[in-house]
Amino acid sequence: MTDRTDNASWPMLFAAFAVALVSSVAVLFVGEVMGQVPCNLCWFQRAFMFPLAIILAIAAFRSDAAVWIYAMPLAAAGWLVAGFHTLLFTGIIPQAIQPCTASGPSCSSEDMTILGALPLPALSLLAFTVIIALLAPAQWRSRS
């Protein structure tokens with residue numbers, strides 16, 4: 001059995017963990033402190049981001065480059081949901097397709113912004129994109 005630890009991967013893994021942790025704490029702040037109720041798509045994005053914070057923390061602690069096997073599918077699925085949500089928010093996807101209008105808060109309302117200008121779906125998409133970009137080198141290193 002080969003050793004999967006790679007000290008060269010540690011900075012990338014730690015950075016990916018930091019992004020996941022900051023994202024998780026930020027959405028908890030927005031929901032619990034600011035009182036903003038998340039829409040259905042936000043819940044799905046949280047379901048992919050929260051475990052990433054835990055998995056990436058363990059991987060960074062162990063310098064385990066093979067974490068991409070577990071983390072990349074979570075990040076990719078979260079990226080797809082966040083991308084769809086961003087398209088809904090910007091109006092590229094028509095109103096009739098929006099899954100959040102029947103029950104709960106709207107996926108594309110002004111409540112989906114922070115500081116009045118930063119759309120939460122786009123911030124989520126950015127976070128998942130950064131995590132994927134940081135995990136890609138770990139994938140290459142663990143395969144070699």
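For reference, positions follow the sequence shown, starting with 1. Computed from a predicted structure; not experimentally measured.
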Taking atom CZ of Phe44 as the centre, report whether more than 12 heavy atoms of other residues, nucleotides or ligands fall under 6.0 Å from it. no

Out of curiosity, Ser23 OG to Phe50 CZ, how far, rounded to the nearest 0.5 Å? 10.0 Å

I'd like to know whether Val27 forms a side-chain contact (heavy atoms from CB on, under 4.5 Å) with Met49, so could you lay out the CA-CA distance, the side-chain angles of the two residues, the decisive distance to 0.1 Å, and finally the verdict. CA-CA 10 Å; Val27 297; Met49 186 62 75; over 6 Å; no

Taking the side chain as every heavy atom from C-beta outward, state whether Phe128 and Phe48 have any atom pair closer than 4.5 Å. yes

Separation between CE (Met12) and CD1 (Ile131), nearest 0.5 Å, reads 14.0 Å

Joint hydrophobic cluster, Val33 plus Leu123, side-chain heavy atoms closer than 4.5 Å: yes

Distance from Tyr70 atom OH to Leu135 atom CG, nearest 0.5 Å? 13.5 Å

Before giving the answer on side-chain contact (heavy atoms from CB on, under 4.5 Å), spell out for Ser124 and His85 the whole-Å C-alpha distance, their side-chain angles and the decisive distance to 0.1 Å. CA-CA 9 Å; Ser124 178; His85 195 179; over 6 Å; no

State the CG-CZ distance between Leu13 and Arg62, to the nearest 0.5 angstrom. 11.5 Å

Rounded to the nearest 0.5 Å, what separates atom CG in Leu21 from atom CG in Leu52? 11.5 Å

Run Asp64 and Ile58 through side-chain contact (heavy atoms from CB on, under 4.5 Å) and show every step you take. CA-CA 8 Å; Asp64 186 2; Ile58 295 167; over 6 Å; no

Applying a strict under-4.5 Å side-chain criterion to I, L, V, M, F, W and Y, I'd like to know whether Leu126 and Val25 cluster together. yes

For the backbone of Pro121 and the side chain of Thr86, can you confirm whether one donor and one acceptor N or O come within less than 3.5 Å of each other? yes

For the side chain of Trp10 and the backbone of Ala60, is there at least one donor-acceptor N/O pair under 3.5 Å apart? yes

What distance separates Trp79 CH2 from Met72 CE, expressed to the nearest 0.5 Å? 12.5 Å

Under the criterion side-chain contact (heavy atoms from CB on, under 4.5 Å), I'd like the reasoning laid out for Leu134 against Leu56: C-alpha separation, chi angles, the key distance, then a yes or no. CA-CA 11 Å; Leu134 290 168; Leu56 292 171; over 6 Å; no

